[in-house]
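Below is one structure, written out as structure tokens; the observations come after it.
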Amino acid sequence: MTGNATFSEKASHEGVGSIRSVSVINMGTGEVHREHIHGSRKPALWWIFFGRRWVTIPINVYVIEHSDGLVLFDTGQNRAVVTDPDFWPKGVTGTFMRHLFRFHIAPDDSLTGQLEKAGYSAGDVRKAVFSHLHSDHVGGIREIPQAELLVSNEEWENMLRPHAERHMIFRRDIEIPGAKWEQISFRPTDDPSIAPFTHAFDLMGDGSMVLLPTPGHTPGSLSMLVRCDDAPPLLFIGDLAYGVELLERGELPGTGDHKQLRAGFAKVLALKERMPDLVILAAHDPKAAEALREASSRR
Ligand SMILES: [Zn+2]
């Protein structure tokens with residue numbers, strides 16, 4: 001597990017500059033097949049059932065302290081996956097999940113525990129943005145009942161399709177009583193600073209946190225651009241890629257819609273060309289803490 005890291009900002013009082021700090025917390029680790037991260041010429045079903053090379057990846061949750069409140073990007077995996085033998089449904093779906101993932105989540109790897117370790121309280125979370133609705137991103141929802149939960153319209157629609165659980169999307173863990181879900185629609189924008197993206201959603205209304213559509217890993221996957229006055233911009237890409245080097249090398253993962261993923265990679269790299277100091281952070285990037293520390297030193 002990598003250590004928690006904080007990227008601190010001087011509080012600013014006008015316009016884009018209302019980001020006070022950005023940190024990463026780790027909610028345990030997962031093991032996935034090497035082919036899951038790096039892709040394979042073999043069919044997915046082959047490596048899922050016969051692959052023998054497992055890679056350990058952290059389950060990162062990003063914590064953004066905005067002047068209007070605490071915002072999370074994803075919420076990790078519910079620890080019940082390691083304590084409840086019936087966590088995965090029986091039958092094909094459960095068999096599939098057990099061959100796809102192995103989780104290692106300690107008792108203090110809860111969202112509440114890790115937020116406290118970072119100096120926050122789960123009760124302070126105002127919004128949680130979901131890159132997508134896979135099980136290892138929605139696990140902390142029950143710990144933040146007061147928070148607005150934001151997901152793209154497309155991802156919500158995807159969850160409502162029959163057999164979403166075969167794609168690691170479990171409605172029982174998402175549509176929980178009292179959860180304050182809000183589906184967002186990306187709006188057309190001609191903001192040249194985020195080209196080539198033509199659609200976006202301004203989360204706080206001040207341009208400091210902008211959601212961008214990056215489908216491919218799932219049909220409604222999104223990324224979040226965080227901008228401050230005096231620090232490098234950050235782009236949280238969820239599971240678009242499992243690390244920035246893979247994105248830069250154009251190495252597509254083993255799952256998802258490759259055509260959409262390729263387009264997403266190209267857009268993110270084009271954005272980086274316009275913003276050379278852009279720091280790209282994946283949800284399972286083992287180097288996230290290091291990247292945030294480095295970005296912080298460039299203030
Ligand atoms: Zn995912």
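Reckoned from all heavy atoms, side chains included, excluding hydrogens, waters and symmetry mates. What you see is a predicted model, and the numbers here were worked out from it, not measured in a lab. As the structure lists them, so they are numbered: ligands from 1, and atoms in each ligand from 1.
Glu245 has a carboxylate O that lies under 4.0 Å from a charged side-chain N of Lys287, or vice versa, which qualifies the two as a salt bridge. Under a 4.0 Å N-O distance rule, the pair Glu248/Lys272 does not qualify as a salt bridge.
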- Task: Check the pair His36 / Phe101 against ring-ring contact (aromatic ring centres under 6.0 Å, His included), numbers first and verdict last.
- Result: CA-CA 10 Å; His36 194 140; Phe101 302 100; 5.7 Å; yes
- Message: Set out, in order, the CA-CA distance, both residues' side-chain angles and the distance that settles ring-ring contact (aromatic ring centres under 6.0 Å, His included) for Phe201 and Phe186, then state yes or no.
- Response: CA-CA 5 Å; Phe201 182 88; Phe186 296 106; 7.4 Å; no
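Take the Zn ion (ligand 1) and draw a sphere of radius 2.8 Å; the protein N/O/S atoms inside it number 4.
Screening His284, His217, His167 for a ring-ring contact (aromatic ring centres under 6.0 Å, His included) with His134, the sole residue that qualifies is His217.
With sequence neighbours excluded, the residues satisfying side-chain hydrogen bond (donor to acceptor under 3.5 Å, both in side chains) with Lys127 are Glu148.
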